[in-house]
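Here the structure comes first, spelled out in structure tokens, and everything after it is commentary.
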Amino acid sequence: SAAAAAAVPQQQWTADSWRSKPISQQPEYADKAHLARNLQLLKSLPPIVQPAEVDRLKDRLAAAAAGRCFVLQGGDCAERFSDCSQNPIDAKVKILLQMSLVLIWGARVPLVRIGRIAGQYMKPRSSGTEIVDGKEVYSYKGDSINSHDPSDRVPNPDRLVQAYFHSAATMNYLRGLLDSGFADLQHPKTWDLSWVRDEGQRFKYKQVVSHIERAMAFMKACGVHADPSFSKVDMYSSHEGLVLDFEEAMTRLVPKAPADAADAPAGTTGDNATAAAAAAATATPTATSAHYNLGAHFLWIGDRTRQLDCAHVEYFRGIANPIGVKVGPSSAPDALVKLVQTLNPTNEAGRIVLITRFGANKVEQLLPPIIAAVQAAGLTVVWQCDPMHGNTTPTADGTKTREFDAIVSELLRTFDVHHRMKTWLGGVHFEMTGDDVTECVGGAGGLQASDLGRKYQSLCDPRLNCDQALEVAFLIAERLNAMHMDAVDVAGATAGGATAGGALSSALHATSS
């Protein structure tokens, strides 16, 4: 393909070849020997996710790139170790399931659910230090690096091991939860819409719920509810791949399974597991093997670490996982094309998700040149909108917040741009929680800046609360449903050069996917 032909030849890749490149946003560990011991331990521990699961997600993302799926990605700005508990996980999963059902109704296509969960314990910061009570301390960069307590800000390599075990425990509970029928809690009969103050708006949302209920009742009458997929769903884990020491330790060389055994579990057991894991991380991939980061299904490169000649891009280009790339106001179209070609030289569908985050007032100006450059290069990508990061503002007292109206505005403007350019906006990406926090202002609940102190819990950036998140899902569903009604125009859309004509399959089939 043209995209593959334009790719620049790269040096031999290994799981540690990133160490030869310039790097930023890494913790400064005083005791290197302590760090080395912990990294060796991490390399010996079993994977958190399985290669076959990573491959299934990539297949689903390939469908999203072609307009046949829609991606909902959401969760905490930064997970806390203390959130590795039943109630917080239940709340996150429940709101994601509720949102996904609304979006399926609106998009008329199957949904891919990705949580910012089971590993989002690291955060980049604009400065390595900050002043607290007149004293300079390290900035808080996530529980896997240091504590939010100013007296415990020195990066501690023991926290990397703690991050592994908290991620593994969260993933283990998540698997059991979804396998046990918890997905039935997505049923709209359980939803409380009393938080919607405006009666007209509440009536409109209730109509959507009523449509979903009728569709589900019809499926039950047809016997579809007996299919396990009706009460069980897939949910994939994700985090920003920030601390490369940790990501390298999670990397394994995995033999490619035969076609008739694609779902066979991978990994090595027995007395030689430790040595095998260490060797696998640095071995050279072949036609019958590939390197996977088995700490998560999906990882993304942040806006601060996507420089083409730097360590993060070097690491990410060699793993088989699907990769997200944050695309902000500083992204130059030509540079972004080169970055995508470096990360995906064969133009593999489902490999790259471009996560745009411009801010509500910049989308119309900055997004079209990005889309045009990707189209001209013939690149196959999933387009995803992150309407959170470009819309962060301080209140009068310096508290970080986000305006609900600005979040929605960026979303809808992004839909408009993609519609005009005949591309498929294949997903959304939110910082959100299933709890009733007060961090973002606005929405049908009428939160004001004066309400923020009531239950502001985020240690980094403000998140949508459960009601605001569900409201956003209703608004996206309205837009997607309007596009469905205008199917003639949408059927002619293209997604990175691929047709989106299959985007609008039946709602009932999508609900059972």
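- Formation of a donor-acceptor pair under 3.5 Å by the E79 side chain with backbone atoms of G119 is found in this model.
- Looking at R153 and E130, a side-chain N of the basic residue comes within less than 4.0 Å of a carboxylate O on the acidic one, giving a salt bridge.
- Between Q98 and I95 the shortest side-chain heavy-atom distance falls below 4.5 Å.
- Looking at Y456, its side chain does come within 3.5 Å of a backbone N or O of K400 through a donor-acceptor pair.
- With rounding to the nearest 0.5 angstrom, the CG atom of L39 is 5.0 Å from the CG atom of D245.
- Residues H389 and D386 meet the side-chain proximity criterion, which asks for heavy atoms closer than 4.5 Å.
- When each of Q73, H297, Q120 is checked for a side chain to side chain donor-acceptor pair (under 3.5 Å) with S238, only Q73 meets the rule.
- Salt bridge status for D234 with R56: absent, with no side-chain N to carboxylate O gap under 4.0 Å.
- A side-chain donor-acceptor contact under 3.5 Å links R116 to the backbone of D76.
- Counting only N and O atoms by type, the side chains of T305 and Q25 include no donor and acceptor under 3.5 Å apart.
- Scanning all heavy atoms of the two residues, the minimum distance from I370 to A332 falls at CD1-C, 4.4 Å.
- Within the 3.5 Å criterion, the main-chain N or O of P47 finds no donor-acceptor partner in the side chain of Q50.
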For D16 and Y315, run side-chain hydrogen bond (donor to acceptor under 3.5 Å, both in side chains): C-alpha distance rounded to whole Å, both residues' side-chain angles, the deciding distance at 0.1 Å, then the answer. CA-CA 7 Å; D16 63 353; Y315 170 77; over 6 Å; no

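- Looking at R306 and S330, their side chains do bring a donor and an acceptor atom within 3.5 Å of each other.
- E314 contributes atom CD, which lies 11.0 Å from atom CD1 of I23 (distance to the nearest 0.5 angstrom).
- With respect to E53 and R60, no salt bridge is recorded, no charged nitrogen being found less than 4.0 Å from a carboxylate O.
- Dense packing is recorded around NZ of K32, with more than 12 heavy atoms of other residues, nucleotides or ligands lying under 6.0 Å away.
- Contact record, V327 with D303: C-OD1, 4.4 Å, taken as the closest heavy-atom pair.
- Between the side chain of S144 and the main chain of Y121, a donor-acceptor pair closer than 3.5 Å is present.
- Across all their heavy atoms, Y138 and V154 have their closest contact at CD1-CA, 3.9 Å.
- With hydrogens and angles ignored, the 3.5 Å screen pairs no side-chain donor or acceptor of Q384 with any backbone N or O of L354.
- By the 4.5 Å heavy-atom criterion applied to side chains, V325 and L343 are counted as neighbours.
- Tested against W300, the residues H312, H239, H429 include a single ring pair (Phe, Tyr, Trp, His ring centres under 6.0 Å) partner, H429.
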Can you check salt bridge (Lys or Arg N to Asp or Glu O under 4.0 Å) on K362 and E410, steps first, answer last? CA-CA 9 Å; K362 298 179 180 179; E410 177 161 2; over 6 Å; no

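- For the pair R175 and V49, the minimum side-chain heavy-atom distance is below 4.5 Å.
- Inter-residue side-chain proximity for F298 and Y236 is flagged as unmet; no heavy-atom pair is nearer than 4.5 Å.
- Looking at N344, its side chain never comes within 3.5 Å of a backbone N or O of Q341 through a donor-acceptor pair.
- Side chains of R125 and R304 form no contact here, defined as non-hydrogen atoms less than 4.5 Å apart.
- Nearest approach of L178 to M235, heavy atoms of both residues: CD1-CB, 3.6 Å.
- For the pair Y205 and L475, the minimum side-chain heavy-atom distance is below 4.5 Å.
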Test side-chain hydrogen bond (donor to acceptor under 3.5 Å, both in side chains) applied to D397 and T395, step by step: CA-CA 5 Å; D397 65 2; T395 62; 2.4 Å; yes

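- The CG atom of D405 lies 11.5 Å from the SG atom of C440; values are rounded to the nearest 0.5 Å.
- The distance from the CZ atom of R454 to the CG atom of L452 is 9.5 Å, given to the nearest 0.5 Å.
- Across all their heavy atoms, N465 and L447 have their closest contact at ND2-CD1, 3.7 Å.
- No donor-acceptor contact under 3.5 angstrom links the side chains of Y29 and N156, judged on distance only.
- Residues V233 and S100 fail the side-chain proximity criterion, which asks for heavy atoms closer than 4.5 Å.
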Test side-chain contact (heavy atoms from CB on, under 4.5 Å) on D451 and V441; report intermediate values, then the result. CA-CA 8 Å; D451 298 317; V441 296; over 6 Å; no

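- Judged purely by atom type and a 3.5 angstrom limit, D435 has no side-chain atom pairing as donor or acceptor with the backbone of V437.
- Of the inter-residue distances, the one linking I476 atom CD1 with L412 atom CG reads 8.0 Å to the nearest 0.5 angstrom.
- Under a 4.0 Å N-O distance rule, the pair K326/E240 does not qualify as a salt bridge.
- Annotation: the span from T423 atom OG1 to I371 atom CD1 amounts to 4.0 Å, rounded to 0.5 Å.
- Under a 3.5 Å cut-off, the side chain of R252 and the backbone N or O of A290 do not form any donor-acceptor pair.
- Side-chain contact, Y164 with N38: no donor N or O sits under 3.5 Å from an acceptor N or O.
- Residue N146 comes nearest to S139 through the heavy atom pair ND2-O, 3.0 Å, listed as atom of the first residue, atom of the second, then distance.
- At a threshold of 4.0 Å, the pair D309-K338 does not count as salt-bridged, since none of the basic side-chain nitrogens sits closer than that to a carboxylate oxygen.
- A donor-acceptor pair under 3.5 Å is formed between the side chain of N391 and the backbone N or O of A360.
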For side-chain hydrogen bond (donor to acceptor under 3.5 Å, both in side chains), just list the numbers for Y173 and D90, CA-CA rounded to whole Å, side-chain angles, deciding distance to a tenth of an Å, and then say yes or no. CA-CA 10 Å; Y173 179 68; D90 285 355; 2.7 Å; yes

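- A salt bridge links D416 with R479: the distance from a Lys NZ or Arg NE/NH1/NH2 to an Asp or Glu carboxylate oxygen falls below 4.0 Å.
- A donor-acceptor pair shorter than 3.5 Å cannot be found between the side chains of T342 and R317.
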Is there a side-chain contact (heavy atoms from CB on, under 4.5 Å) between S237 and M171 once you walk through the steps? CA-CA 8 Å; S237 65; M171 199 68 214; 3.9 Å; yes

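- Using a 4.0 Å cut-off between charged side-chain N and carboxylate O, R402 and D461 make a salt bridge.
- The 12-atom threshold is not exceeded at CD of Q365, counting heavy atoms of other residues, nucleotides or ligands nearer than 6.0 Å.
- Between the side chains of D55 and Y292, at least one donor-acceptor pair of N or O atoms lies under 3.5 Å.
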Residues D158, H34; criterion side-chain hydrogen bond (donor to acceptor under 3.5 Å, both in side chains); working and verdict: CA-CA 8 Å; D158 286 342; H34 188 181; 2.7 Å; yes

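- A salt bridge between R463 and E439 is present, with a side-chain N of the basic residue lying under 4.0 Å from a carboxylate O of the acidic one.
- Ring to ring, H418 and W424 are not that close: their centroids are 6.0 angstrom or more apart.
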